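Being a predicted model, the structure only gives us computed values, none of them experimental. All heavy atoms count here, side chains included; hydrogens, waters and symmetry mates do not.
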Amino acid sequence: MVTVARRTYAAVVLACVCTFLMGGVVFGLSSLYPLLYRQNYLEGLCAGEVEEGQCAERSLTKCCTSQLVRLSLVSSIAFFTVDAVAVLWGEFADRRGARACIACATSLSCAGFAALCMGARGDGSDALTTAALLMIGIAGPGVFNGGFVGTLALLSDAPKLQATFTAFLAAAFDGSALVFMLFQAAALSLDLGLYMPSAAWALVCALGGGLLFSVLRAAAPPATAATATRELDPAAQKDVMPVADPNMAPAEKPKDNDSDDESVVLSTANDAAPYTKKQKKPKGQRGEKALEAAPAAAAAAPAVAAPRLVSVLVAGDNLRLVFFMAIYNLLSNFYLESQIEQAR
């Protein structure tokens, strides 16, 4: 019992730590701009705008307007991918399980930080740096969904801890925007390039993701996001639990006579829970045949097919949500960049 409790609390802590390490890291991309400028990222766009050698004088700021505009475009695309792939990671966690989601998302995030390290070491590797930023953004929701679904299944007997865990995990996702600010502080204070913090962070992410994967390994049946969410909702639990009526008479076996005063308790079932209803016993053979045919008719009812993934993704609500979140991210990015540019 002690081992199960320790594993549960370890899963809670590791899920929050991994979400901070890899969750919404890309939302703090503006803190990485000085380091990207210093490694001459997208400096080739300034060939026709500034004189030769002018970019070397501004190592931590933009060399030209085209460079800033292209970097802002890359940031906006990275922000958009975080919102766009969140539903895909949720479906993946439902179909393949939380451990598979954690493994794939952690691998993608570590590959992104490794590519960011190689892009900082190489010369003329703007495409590699751009791909690294996109991979880090795509992997973030996967780490969040995998940690949420997998850890929430271990907390099925602790509803208060479920609510606390959900709040802490959301806070860790928002707080992960500080990761690139830590990169900037370490690189500038220790006179390091971007490659050293990126390489170290890739190793830390691999360690944290591996520990979370191993802790979730001994979980009992794999839970999906739907069942994990249902555990938090008391109303949903009422739908799947049979409720007995204290005023209802107990079930009795029908007698052979056909008197009008005789009553029988019939059991019927629906998709949610069984219930009982007191009815009069119908007269004659026709009524008895109707009673016998009722269970067969209920069993022969056609099952409702689950919606396909494509139909869910292209639903109007999802498309509107992605559209408005994309507009919000674009406006937020423009506002932040304007404030940073005015401060310089």
Side-chain angles (χ1 to χ4, degrees), residues 16-43 55 58-63 67-68 70-82 105-144 171-210 329 332-333 336-337 339-341 343-344:
C16 294
V17 170
C18 289
T19 301
F20 176 79
L21 294 176
M22 299 173 280
V25 177
V26 76
F27 289 114
L29 191 56
S30 59
S31 300
L32 209 62
Y33 281 12
L35 302 180
L36 294 176
Y37 289 145
R38 189 165 70 172
Q39 75 179 40
N40 302 326
Y41 178 62
L42 299 175
E43 191 176 298
C55 292
R58 300 170 59 90
S59 60
L60 297 179
T61 57
K62 66 179 180 65
C63 179
Q67 184 185 24
L68 176 62
R70 183 65 61 85
L71 185 53
S72 300
L73 178 61
V74 173
S75 302
S76 300
I77 294 175
F79 293 168
F80 175 76
T81 56
V82 175
T106 301
S107 300
L108 185 61
S109 182
C110 293
F113 283 110
L116 190 64
C117 173
M118 292 185 291
R121 290 285 293 177
D123 189 13
S125 53
D126 294 345
L128 185 59
T129 302
T130 302
L133 297 176
L134 294 180
M135 285 191 291
I136 294 173
I138 292 173
V143 177
F144 177 86
F173 185 85
D174 294 336
S176 60
L178 300 174
V179 168
F180 282 150
M181 188 182 71
L182 299 177
F183 278 31
Q184 179 186 10
L188 297 181
S189 61
L190 301 177
D191 196 16
L192 301 173
L194 183 58
Y195 63 92
M196 285 296 294
S198 301
W201 209 260
L203 295 177
V204 173
C205 291
L207 178 61
N329 286 330
S332 300
N333 186 38
L336 292 175
E337 289 305 315
Q339 295 296 321
I340 292 174
E341 193 64 24
R344 291 173 182 172

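Distance check, rounded to the nearest 0.5 Å: CG of Leu134 to OG1 of Thr130 gives 7.0 Å. A distance of 10.5 Å separates CG in Leu108 from CZ in Phe113, rounded to the nearest 0.5 Å. Between the SG atom of Cys205 and the CZ atom of Phe20 there is a distance of 10.5 Å, given to the nearest 0.5 Å. Separation of atoms CG (Leu42) and SG (Cys63) is listed at 11.5 Å; rounding is to 0.5 Å. Interatomic distance, SG of Cys110 versus CD1 of Ile136, reported as 10.0 Å (0.5 Å rounding). Here CZ of Arg70 is found 12.5 Å from OG of Ser75. Values are rounded to the nearest 0.5 Å.
Considering only heavy atoms from C-beta on, Leu116 stays 4.5 Å or farther from Trp201 through its side chain. By the 4.5 Å heavy-atom criterion applied to side chains, Thr129 and Gln39 are counted as neighbours. Leu35 has its side chain out of reach of Phe180: every pair of non-hydrogen atoms, C-beta onward, lies at least 4.5 Å apart. Taking the side chain as every heavy atom from C-beta outward, Gln184 and Pro34 approach each other to under 4.5 Å.
Annotation for Val82 and Val26: closest pair CG2-CG1, 3.5 Å, computed over non-hydrogen atoms. A pairwise comparison of heavy atoms in Gly209 and Cys18 identifies N-SG, 3.7 Å as the closest pair. Summarising the geometry of Ser176 relative to Gly23, their closest heavy-atom pair is OG-C, 3.7 Å, with the distance given to 0.1 Å.
Here Tyr41 pairs with nothing under the ring pair (Phe, Tyr, Trp, His ring centres under 6.0 Å) rule; sequence neighbours left out.
A donor-acceptor pair under 3.5 Å is absent between the side-chain atoms of Ser109 and the main chain of Ala105, judged by distance alone.
Classification of the Phe173-Phe144 ring pair by plane angle, with boundaries at 30° and 60°, yields perpendicular.
Atom CZ of Arg38 has more than 12 neighbouring heavy atoms from other residues, nucleotides or ligands inside a 6.0 Å radius.
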In a table with atom names and distances, give each donor-acceptor pair under 3.5 Å that connects a side chain of residues 187-200 to protein atoms at least two apart or in another chain.
from   : atom 1 : to     : atom 2 : distance (Å)
Ser189 : OG     : Ala185 : O      : 2.5
Ser198 : OG     : Leu194 : O      : 2.8

Inset, instruction - Please test Leu32 against Leu133 for side-chain contact (heavy atoms from CB on, under 4.5 Å), starting from the C-alpha separation and ending with a verdict. - result: CA-CA 11 Å; Leu32 209 62; Leu133 297 176; 4.2 Å; yes
